[in-house]
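Chain identifiers are assigned alphabetically (A, B, ...) following the order of the sequence lines, protein sequences preceding nucleic acid strands; residue numbering begins at 1 within each chain.
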Amino acid sequence: MPELPEVEVVRAGLEPAVTIALITGVEVFDQRSLKRHAPAAGDFETLLTGDRMLAAVRRGKFLWFPLSSGAALVTHLGMSGQVLLREPGTAENGLLRIRLSIEHPRLGEYWVNFVDQRIFGSMAVDTLLPTPDARAGGYSGPGLERGWPPATQPAGALAASALAATAGPITAQEEAPAWLAAVPSQVAHIARDPLDPAFDDRAFFAALKRKNTGIKRAMLDQTLVSGIGNIYADEALWAAKIHYAQPTASLSPRSARLLLTEIRLVLTKALAEGGTSFDATYVNVNGASGYFSHSLNVYGQQGKPCPRCGTLIVRESFMNRGSHFCPKCQRVRN
DNA sequence: CTTTCGCCCTGAGTGC
DNA sequence: TGCACTCAGGGCGAAA
């Protein structure tokens, strides 16, 4: 279920601990979690062991960790994935699929545990390709040309102390690292997300005009715009008063602009709340914990009154998932 | 080419 | 109490 805000909470939590951390060991407990790792790239464990992670980067729901070898460790949480930072020796449950042992020059030794109940997520070592527009491939934390400032900073003693241990913002005099304007090959087809400063609003609107499909399908199409999942799609559509099946080509410029604004708003709000629910006690970088379920207006609210007009929220089956909407506020227009 | 469908996967929840 | 069944949905390959 993690969407952009939840994945960003994970990224931000991992960033201090993995930046400049040496991978001293790799254990794969379930090969199915390597389904996105191309065997031709080489043995997963061998490729990683002895390598150093340089940063934590995110585009949409994809996470990757550029390596000193020039490759990148790509991580997708799927539906139920978590990346947990643990003290070595900590017991984990049976859903542990992959473990990296890492050694940070300041913070010491840690385990990076990839836990995934349903195995929709994965890890893979992949090559980095330059971005066509030479802009940053994704968001990798605050700093010049590294992306946009996050809504909140992760709290927690480890995170706070680690910030001082990581490299500072890139200054204009410094040369950008090679991994900055690059993206893993398996993420190259994924569009930039709506919070990416390099996201092209006009190109997005133009694509909506060209498409022959419903607006929610388009919102969930990660090659068009990334980071949006079922929950925030429903929330943004409700906020913009648009029906999920409204044909994209029929959206007025005004509606399309409003929708993009509401998408950004709902993601930003979730990001802020996810940041505040950051669990600092054991630096649990937990994709599920960041959800702001108390703030949901329509998702999972079927049978309850619409917060805007009081009409009962309806849930319809759509694309093998649920679509939640207000039948009065959100009607298909022509 | 574009668009849609069906599969992957398993713990939690439900009904009998 | 136990068991069969349904549900959740991100991404991708196949089908239409």
Is the ring centre of A:F325 less than 6.0 Å from the ring centre of A:H243?
yes
Residue pair A:Q186/A:R118 against DNA chain C: nearer the 5' end by closest nucleotide is A:R118
A:Q222 or A:Q117, whichever maps to the more 5' nucleotide of DNA chain C
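Checking each residue's closest nucleotide, the 5'-ward one belongs to A:Q117.
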Residue of the set A:E27, A:E92, A:E45 for which salt bridge (charged side-chain N to carboxylate O under 4.0 Å, His left out) holds with A:R99:
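Going through A:E27, A:E92, A:E45 one by one, the salt bridge (charged side-chain N to carboxylate O under 4.0 Å, His left out) with A:R99 is satisfied by A:E27 alone.
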Among A:D201, A:D196, A:D193, exactly one meets salt bridge (charged side-chain N to carboxylate O under 4.0 Å, His left out) together with A:R264. Which residue is that?
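The single option meeting the salt bridge (charged side-chain N to carboxylate O under 4.0 Å, His left out) with A:R264 is A:D201.
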Return whichever of A:M319 or A:K35 has its heavy-atom-nearest nucleotide of DNA chain B closer to the 5' end.
A:M319
So what does [X] touch, heavy atoms closer than 4.0 Å: a base, only the sugar-phosphate, or nothing?
X	result
A:D116	nothing
A:N320	base
A:G322	sugar-phosphate

For atom CZ of A:R308, is the number of surrounding heavy atoms from other residues, nucleotides or ligands below 6.0 Å larger than 12?
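Enclosed: over 12 neighbouring heavy atoms sit under 6.0 Å from CZ of A:R308.
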Positional range of nucleotides in DNA chain B within the contact set of chain A, heavy-atom, under 4.0 Å:
B:dT3 to B:dG11
Taking only residues at least two apart or on different chains, which pairs with a member in residues 213-223 of chain A satisfy salt bridge (charged side-chain N to carboxylate O under 4.0 Å, His left out)?
A:K216-A:D234
When the C1' atoms of the five terminal pairs at each end define the local axes, what inter-axis angle does the helix from B:dT2-C:dA16 to B:dC16-C:dG2 show, to 10 degrees?
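Roughly 50° between the end axes, to the nearest 10°.
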